[in-house]
Amino acid sequence: MSVAPATWASDLLGLLLPSGCVSCGSWLPERRSPVPELVCVSCRARMRPGSWPRCPRCHWPRGTGRSEEVECRECAAWPEPLVGARFAYELRPPVDDLVHGLKYEGWRELAPFMGDAVAALDLPWPDGGHGGAVVTAVPTTPGRMKARGYNQAELLARRVAERLDLPYVAALRRTRATRSQTTLTPAERLRNVDGVFDAGPEARRLGGRAVLLVDDVLTTGATVSAAAERLVEAGAGPVVVATFARAVTQGAA
């Protein structure tokens, strides 16, 4: 008796993927679906989208009682073409486990789940719509691509492009390797990414179009600011940033 290809593929995924939640390890029921279940219901319920009110530009949580008229210090230094940023969840457990799993542990199967969360965001498109916009990702270095087998930001960006029915454009490339931004101060982050981006192989497709720049995590905005400036130099219009997670201090929530 022959085995149906779909059943064979599903059985193979069952051997390759974890039998438990990527974050807490709890057992997950087997489901015959094209997108494997990797995050349990309990962990999904603990994923926090962030508190309100927020900065209208970057969506940094201002905290209860803060005036909307006070300039946001988180995005005050961002370049003007970077018109806004949105994030799906705060970088707290279990969200940090998902980010780590996708970025460092090879769980590229998390990308559809995480990308769908980014695609569902209410993005601050110029003129209220995204007609004619393109999607791109914050690029990584060839060395990291070789070590990981993929760029996690590109996986997310391609999923977002698919969901929003927008073209994905490889608009940027990294000119050199940089230190990890994780342990750096805001000033060190700016120096670390200075001049690190150049026009990518498809930058000619920008042509003044609005760009949705996708990454896995937004922290101070140093990386996306440098990327946005290079995109505009390469011919892009206004830039909107969308990430799966944002590092938010305890005091801001």
Side-chain angles (χ1 to χ4, degrees), residues 55-59 72 74-88 111 114-115 118-145 150-178 181 186 189-244 246:
C55 168
R57 184 188 186 195
C58 74
H59 261 209
C72 176
E74 298 300 319
C75 62
W78 289 8
E80 185 177 349
L82 206 174
V83 296
R86 298 293 184 267
F87 64 97
M114 296 166 67
V118 176
L121 293 169
D122 183 13
L123 299 170
W125 293 105
D127 304 321
H130 62 267
V134 299
V135 180
T136 196
V138 173
T140 190
T141 63
R144 287 171 183 164
M145 276 285 291
Y150 57 84
N151 172 16
Q152 75 284 348
E154 181 180 343
L155 293 183
L156 296 178
R158 288 188 178 276
R159 181 70 172 192
V160 171
E162 177 186 344
R163 289 302 194 198
L164 298 182
D165 194 23
L166 294 173
Y168 175 83
V169 174
L172 293 171
R173 67 178 182 88
R174 289 249 182 182
T175 59
R176 56 180 170 81
T178 57
Q181 296 276 75
R189 287 171 184 263
L190 288 172
R191 290 194 296 270
N192 194 43
V193 296
D194 184 33
V196 76
F197 297 114
D198 200 356
E202 298 181 321
R204 65 187 182 281
R205 298 175 59 189
L206 294 174
R209 302 161 82 176
V211 175
L212 177 59
L213 177 63
V214 176
D215 205 356
D216 53 348
V217 178
L218 176 62
T219 307
T220 63
T223 299
V224 294
S225 291
E229 289 184 319
R230 191 64 189 90
L231 283 168
V232 172
E233 291 172 359
V239 178
V240 174
V241 170
T243 63
F244 176 69
R246 180 157 189 179

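When all heavy atoms are compared, the tightest approach of Ala242 to Leu123 is CB-CD2, 3.9 Å. Taking each heavy atom of Met145 and Thr140 in turn, the nearest pair found is CG-CG2, 3.3 Å. Shortest non-hydrogen contact noted between Leu231 and Leu206 is O-CD1, 3.9 Å. Between Arg86 and Arg57, the closest heavy-atom pair is NH1-O, 3.0 Å. The minimum heavy-atom distance between Gly237 and Val232, with the atom names listed, is O-CG2, 3.8 Å. Contact record, Thr136 with Leu172: OG1-N, 4.5 Å, taken as the closest heavy-atom pair.
Distance check: Phe244 CZ to Leu156 CG gives 8.5 Å after rounding to the nearest 0.5 Å. Atom CD of residue Gln152 and atom CZ of residue Arg144 lie 9.0 Å apart, to the nearest 0.5 angstrom. For the atom pair CG (Leu82) and SG (Cys58), the distance works out to 10.0 Å, reported to the nearest 0.5 Å. Expressed to the nearest 0.5 Å, how far CZ of Arg158 lies from CD of Glu154 amounts to 4.5 Å. To the nearest 0.5 Å, atoms CZ (Phe197) and CZ (Arg176) are separated by 9.5 Å. Within the model, atoms CG of Asn151 and CZ of Arg174 stand 8.5 Å from one another, a figure rounded to the nearest 0.5 Å.
Looking at Val134, Val118, Leu164 one by one, the single match for side chain to side chain contact (heavy atoms under 4.5 Å, CB included) with Leu212 turns out to be Leu164. Under the side chain to side chain contact (heavy atoms under 4.5 Å, CB included) rule, Thr243 has a single partner from Leu121, Asp215, Val224, Leu213, which is Asp215.
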For Val138 and Thr223: C-alpha separation, side-chain torsions, deciding distance, then whether side chain to side chain contact (heavy atoms under 4.5 Å, CB included) applies. CA-CA 8 Å; Val138 173; Thr223 299; 3.8 Å; yes
Let me see the working for Leu166 and His130 under side chain to side chain contact (heavy atoms under 4.5 Å, CB included), right down to the final yes or no. CA-CA 9 Å; Leu166 294 173; His130 62 267; 3.5 Å; yes
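A side-chain donor-acceptor contact under 3.5 Å links Arg204 to the backbone of Pro201. Listed for the Thr175 side chain is no donor-acceptor partner under 3.5 Å among the backbone atoms of Asp198.
In this structure, Pro238 and Pro81 have side chains that are not in contact, with every pair of non-hydrogen atoms separated by 4.5 Å or more. The side-chain heavy atoms of Val83 and Val240, taken from C-beta on, include a pair separated by under 4.5 Å.
By the 30° and 60° cut-offs, the orientation of the rings of His59 relative to Phe87 is perpendicular.
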